[in-house]
Each structure stands twice: as C-alpha cells, then as structure tokens.
Amino acid sequence: MATVIDGKAFAAGMRQRIRQAVAQLVAQHALKPGLAVILVGENPASQVYVRNKGKQTVEVGMASFQHTLPADTKEADLLAQVAQLNRDPAVHGILIQLPLPAQIEQAKVINAISVEKDVDGFHLQNVGKLCAGEPSLAPCTPTGCLLLLKQQLGDLAGKHAVVVGRSNIVGKPLSLLLLQENCTVTIAHSRTRDLAAVCRRADILVAAVGVAEMLKGDWIQPGAVVIDVGINRVQSEGGNARLVGDVDFAGAMKVAAAVTPVPGGVGPMTIACLLQNTLLAACRQHAVEIPQNL
Ligand code: GUN
C-alpha cells in the first residue's frame, strides 16, 4: 500500500512557520504583510475560496482586505480598484479571484496588477521570469505540488516527471518548476497519443486535467509518486455529492509509493503558498531579509 501524502498537515505546518515569520517582521521591522482579494460576482465556489483565504490570512497575523464587486462590474471600474490597491502601501499582495464575468478581459486586469504584488504569479512578467529561471512569484498550486514532492522524495534531480494537463494555472508553471529542479519533464494533455503508456514512464505523475478519476491504477509505474490536483464533484450511489480527484485513488494506492488524497492533498497547500508569496512580496517590497524559518 502506498503512503497517503498529508497535505493538510503539511500546510498547517507551513502556516505555523509563516505565523512566526510574520510576528518577527512586525516586531523587528513594523512590517505587517497585507493581502487584498477581489471577488467579482457571486460564484458560490469562489465565495468559499475567498472566505477561506481571508480567514487564513488573519490567522497568520497578516492584514486581510476583501473587495466584493457586483457581477455587472465594468472592466474600467475593476482596473481602477486594482490601481488603487497597487498604490496602497498596506497591501503587499493582490489576488483577483477567477473566473471573472464575461464582460471583463481576464488578461488585461491580471496584467494591471503591480508585478511585485502579483501573489498569484499570473502576470506576464512573472510568467516570463519563471520561464527564464529568475526570482519571481510562482503560482501557488504548482508551488504546493513541488513542496509536497520535495518532502516525499528529497532531491528531484533526474526524475522523470509526467505532468498531465497544460493549463496556465497548473500544468505549464509546474512543468517549469520541475525543470528547475532538474527533472526530465513530459507535458501530456488531451491530444497525447497513448496517454496511459506515457504516464507509466513517470517517476513523478501529476494529474491536472479536471476529469474525475481519469488516471487509472495501471497507468502508474510501481513506486511512482502521484500528485492529484483535480477537485471534481461527483454523485455517489447514495445520491450524496463527494469530491474526487483526477486519479483513481484506490487503484493508485495499490501501485504507487505515495499518493495525494482528494480532499486533503494539494488543496490545502494552495492557500498556504499564497500566504508564503504574500510574505515574500512584503519582504521584497521593503528590502527586508526573508525570515529563515520558512
Ligand atoms: N480560481 C481557481 N484557482 C485560482 C487561483 O489559483 N487563483 C485565482 N486568483 N483564482 C482561482
């Protein structure tokens, strides 16, 4: 049986270290990191995410600023809100919750965020820096995956990582992070021929496709480490909704060395990494040394 990778516990440990680092920044530099989150509209899943982000931001001792705008907000008004947060010295990180309503051009507002405050790592300049291997703010979910892999495997050099999914939020940035760790990286996707055979060559297999339980146990190389980024709501036999990942968890547990569960695997890591990015951003903006305990 494989090890179940406990992302929930790992994220709790990270938040604890972040809390200590924040206390140190406040005491030594009078610097209280602040995170602003903008939610446009009333998407219920987004409302839950935004609420959790605010709660955890406050729990680690940072300042939380939440801006909820109506669903029919004009692009110009959102841009004005972003510009105001860019200027606000109490705000070190800005996140615009996605998806945005159709009348707003996503790329335009993301690229309006100050590069230094772009804690999602979605600004084109941060994407470019990540690609070039320069210090940047890296997207949170891929960073969380990488931390779990390093905790499980130590040095990742020479490992063959297969990332299934090529989204801008997960697949592409995670592939770049793994390349930086000297993995051999294959990016697979919906048009990949014989996907099962490609997956079977992976020492590290990452599923980020958004299709419930698509990757089966016999797609996994014995001893591989499996990271499941999927969060899919399915009806169970009893009629209740339950969450499953992109990997057939029971099948994977019979073959892999270690697997992230859904929920409780990658999910909790995302907000922990967002808080870490906010801390990093605040330190960089004030030219303060990054606390060592992180
Ligand atoms: N919606 C779903 N995932 C994300 C994310 O990582 N960042 C933002 N801003 N919105 C999201």
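Order of appearance sets the numbers: ligands from 1, and atoms from 1 within every ligand.
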Undergrad: For Arg200 and Asp218, indicate whether the former's side chain and the latter's backbone hold a donor-acceptor pair under 3.5 Å.
TA: yes

Undergrad: Does one side chain, of Gln84 or Arg87, offer a donor that lies under 3.5 Å from an acceptor on the other?
TA: no

Undergrad: Mind checking whether Phe122 has a heavy atom under 4.0 Å from ligand 1?
TA: yes

Undergrad: Which protein non-hydrogen atom lies closest to atom 11 (C) of ligand 1, naming both residue and atom, and how far is it?
TA: Gln97 NE2, 3.5 Å

Undergrad: Could you establish whether Asp120 and ligand 1 come within less than 4.0 Å of each other, counting only heavy atoms on the residue side?
TA: yes

Undergrad: With heavy-atom distances below 4.5 Å as the criterion, would you say the side chains of Trp219 and Val255 are in contact?
TA: no

Undergrad: Under 4.0 Å, heavy-atom basis, I'd like to know which part of Thr141 is in contact with ligand 1: side chain, backbone, both or neither.
TA: neither

Undergrad: Is there a side chain to side chain contact (heavy atoms under 4.5 Å, CB included) between Asp6 and Val4 once you walk through the steps?
TA: CA-CA 6 Å; Asp6 190 345; Val4 178; 6.0 Å; no

Undergrad: How close do Val162 and Ala188 get, counting heavy atoms only, and between which atoms?
TA: CG1-CB, 4.4 Å

Undergrad: Using a 4.0 Å cutoff against the non-hydrogen atoms of Ile96, which atoms of ligand 1 qualify?
TA: 8 (C), 9 (N)

Undergrad: Test your reading of the structure: does Leu98 have an N or O sitting under 3.5 Å from an N or O of ligand 1?
TA: yes

Undergrad: Please report whether ligand 1 has a polar contact with Leu95, defined as an N or O pair separated by less than 3.5 Å (distance criterion only).
TA: no

Undergrad: Taking the side chain from Gln97 and the backbone from Val40, do they hold a donor-acceptor pair closer than 3.5 Å?
TA: no

Undergrad: Below 4.0 angstrom, counting only protein heavy atoms, does anything approach atom 3 (N) of ligand 1?
TA: no

